[in-house]
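The block underneath contains the structure these notes are about, expressed in structure tokens.
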Amino acid sequence: MTTHDKNTTSLTEQPAWKALEQHYKTIGTIHLRSLFADDPQRAERFSAEFDDIYLDYSKNRITAETLKLLINLAEECHLRDRIDAMFRGDKINITENRSVLHTALRAPRDAKIMVDGVNVVPEVHNVLDKMTAFADQVRNGEWLGFTQKPIRNVVNIGIGGSDLGPVMAYEALKHYSKRDMTFRFVSNVDGTDFTEAVHDLDAAETLFIVSSKTFTTIETMTNAHSARAWLIKSLGDEQAVSRHFVAVSTNTKEVEKFGIDTANMFGFWDWVGGRYSMDSAIGLSNMIAIGPHNFKLMLEGFLAMDEHFRSVPLGKNLPVIMGLLSIWYNNFFNAQTVAILPYDQYLKRFPAYLQQLTMESNGKRITLDGQVVNYQTSPIYWGEPGTNGQHSFYQLIHQGTKLIPCDFIGFAQTLNPAGVHHDMLMANFFAQTEALAFGKTREQVQAEGTADWLVPHRVFEGNIPTNTLLVKRLTPKTLGMLIALYEHIVFTQGVIWRVDSFDQWGVELGKILAKKISPELESETEPELKHDSSTNTLIRRYRKMKNK
Ligand code: G6Q
């Protein structure tokens, strides 16, 4: 029996689920104002801490009873067993029959994690060592291009999991990066992406990292071939490719076929999912940017959060608490989205990164045993860095008709001390969660002397739940911890919803259809179209318009 077979009753029939449904009836209408007024210890009671991360979850619409019931639910869903199964290397990605071992990517050198009878940890460290040697060579100017010039520009070509992590981490850790080098990321098959990325670069000083687990992804291969053509045109010799291209992939054959020397290939494994791969060789561009030492510190952050997740009791476990709270709103309050609001400019791509991590993982409707769910799975994740969002969409969060739980992420120390900026930023950070929780009553608005007709417009209902993650400082280590925190939140959710969080069949259909349509767009003669009438008309219209 595998661990996922243990849940024989449907999720919504489980005692803890039923108890939560009942409990919601009493809690659903209670205001955070009264929850705080009734319990002076509330902030202490509903907070948890790990290393440099402090989580205040007291501004959630919960009581101690809610938390108890949510933890009961996690226990009934065998969360602890499932965590162990993942860390052990069981093939919990059942639709692809694969282990899920992104946690092995940050395991210490002496750890032992077996997949099909082989300890994978030495392989992980071999690749890390190879990356380290290469990154040092590039950073020190020892890796020379075809014309003997050192590399000043690194362009990562990849998409999805082979792009979003590297971009996010590059932006997040820019403060720690080598500032005399330029880093660019090309993902979109739209030729504009590549053209703009290289328009001011000297090919003689440019290194391309083609990052693709499969090395068959059409967008990445198209961009990689354009990069190859651009380089050869600029340097006038095909021989230049070997000094200007390296690959990150699991597919040696295709890498060779492309013309990249496999000595310059950095491997990873089928037990690393794309969206969980930024701490594998997929992070090579990051290692070149921030240096091997900082990359190692980032891995230590991941590892620290892994250890926390696997060992700390559920009620004090950050990813478990946040995962369960997201289920509370998603499944009992019918909240449809979650806003991720980092109050740090360096985290500007963090919401985009989390969109893939969360929604590609848990945007599923079939359970592990093949049934259609009768409950909601992943909410929609979205967000922007503060304070910009405050001047745009926060209006809807404060006074709109939708309930939007928010995660606020802020840092106590800034990396760029500049007068009052940081305290001002953080004043906004604290003010927003306070305003969202407590709002402003009719009486308060009236007491300000507001005209009667204007009063309703100026009332804030409040009672909008938020988590506050207050982190000491944005460092490679705390970034690693934050990413692993969300990886494990997603895992916790997936266990409760009983979905395979590690496959992504939903991206297949569009890819297949695009392959079919491509020749129809390119063909010189009028193609015979066999789509629906809408698609046929659009294709004909496009062919006509583009040729005019
Ligand atoms: C992530 C997905 C997907 C993948 C891209 C790129 O979990 O599998 O986003 O990362 O499709 O795939 P390749 O790395 O194989 O090019």
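Note that the structure is predicted; figures quoted are calculated from it, not measured. Residue indices begin at 1 and follow the sequence shown. Both counts, for ligands and for their atoms, begin at 1 and track the order of listing.
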Among Y353, Y176, F183, which one satisfies ring-ring contact (aromatic ring centres under 6.0 Å, His included) with Y170?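 Exactly one candidate clears the test, F183.
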Quiz item: cation-pi between R98 and F502, 6.0 Å / 45°: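 That pair does not qualify as a cation-pi contact.
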Check for me whether K174 meets the cation-pi criterion with Y346, that is, NZ or CZ under 6.0 Å from the six-membered ring centre and within 45 degrees of the ring axis.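 No - K174 does not lie over the ring of Y346 by the 6.0 Å and 45° rule.
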For [X], atoms of ligand 1 separated by under 4.0 Å from a heavy atom:
{"X": "T217", "answer": "12 (O), 13 (P), 15 (O), 16 (O)"}
{"X": "G274", "answer": "1 (C), 7 (O), 10 (O)"}
{"X": "Q504", "answer": "7 (O), 8 (O)"}
{"X": "S162", "answer": "10 (O), 13 (P), 14 (O)"}
{"X": "S212", "answer": "13 (P), 14 (O), 15 (O), 16 (O)"}

Check this for me - ligand 1, [X], N or O atoms closer than 3.5 angstrom, yes or no?
{"X": "R275", "answer": "yes"}
{"X": "G161", "answer": "yes"}
{"X": "K511", "answer": "no"}
{"X": "T220", "answer": "no"}

Considering non-hydrogen atoms of the protein only, which is the closest contact for [atom], and what is the distance?
{"atom": "atom 3 (C) of ligand 1", "value": "Q356 NE2, 3.8 Å"}
{"atom": "atom 15 (O) of ligand 1", "value": "T214 OG1, 2.6 Å"}
{"atom": "atom 6 (C) of ligand 1", "value": "I159 O, 3.2 Å"}
{"atom": "atom 1 (C) of ligand 1", "value": "E360 OE1, 3.1 Å"}

Ring center gap for F411 and Y343 short of 6.0 angstrom: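 Judged by ring-centre distance (under 6.0 Å), F411 and Y343 do not meet the cut-off.
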For the residue pair F302 and H102, is the inter-centroid distance of their aromatic rings smaller than 6.0 Å?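 No; H102 has its ring centre 6.0 Å or more from that of F302.
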Measure from the side-chain N and O atoms of K511 to the backbone N and O of T217, and report whether any donor-acceptor pair falls under 3.5 Å.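 It does not hold such a pair.
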Whether the side chain of K130 engages the backbone of M265 through a donor-acceptor N/O pair (distance < 3.5 Å, no angle test) should be reported.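 A pair under 3.5 Å: yes.
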Going by atom types only, do N334 and Y329 share a side-chain donor-acceptor pair under 3.5 Å?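 Short answer, no.
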Taking atom types as modelled, is there a side-chain donor on D129 or T132 under 3.5 Å from an acceptor on the other?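 There is no such pair between these side chains.
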Could you tell me whether the side chain of V124 reaches within less than 4.5 Å of the side chain of R109, counting heavy atoms only?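 Sidechains of V124 and R109: no contact.
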Protein heavy atom under 4.0 Å of atom 8 (O) of ligand 1: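 Yes.
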So for E219, does at least one of its heavy atoms come nearer than 4.0 angstrom to any atom of ligand 1?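 Checking ligand 1 against E219, which is what was asked, there is no heavy-atom contact under 4.0 Å.
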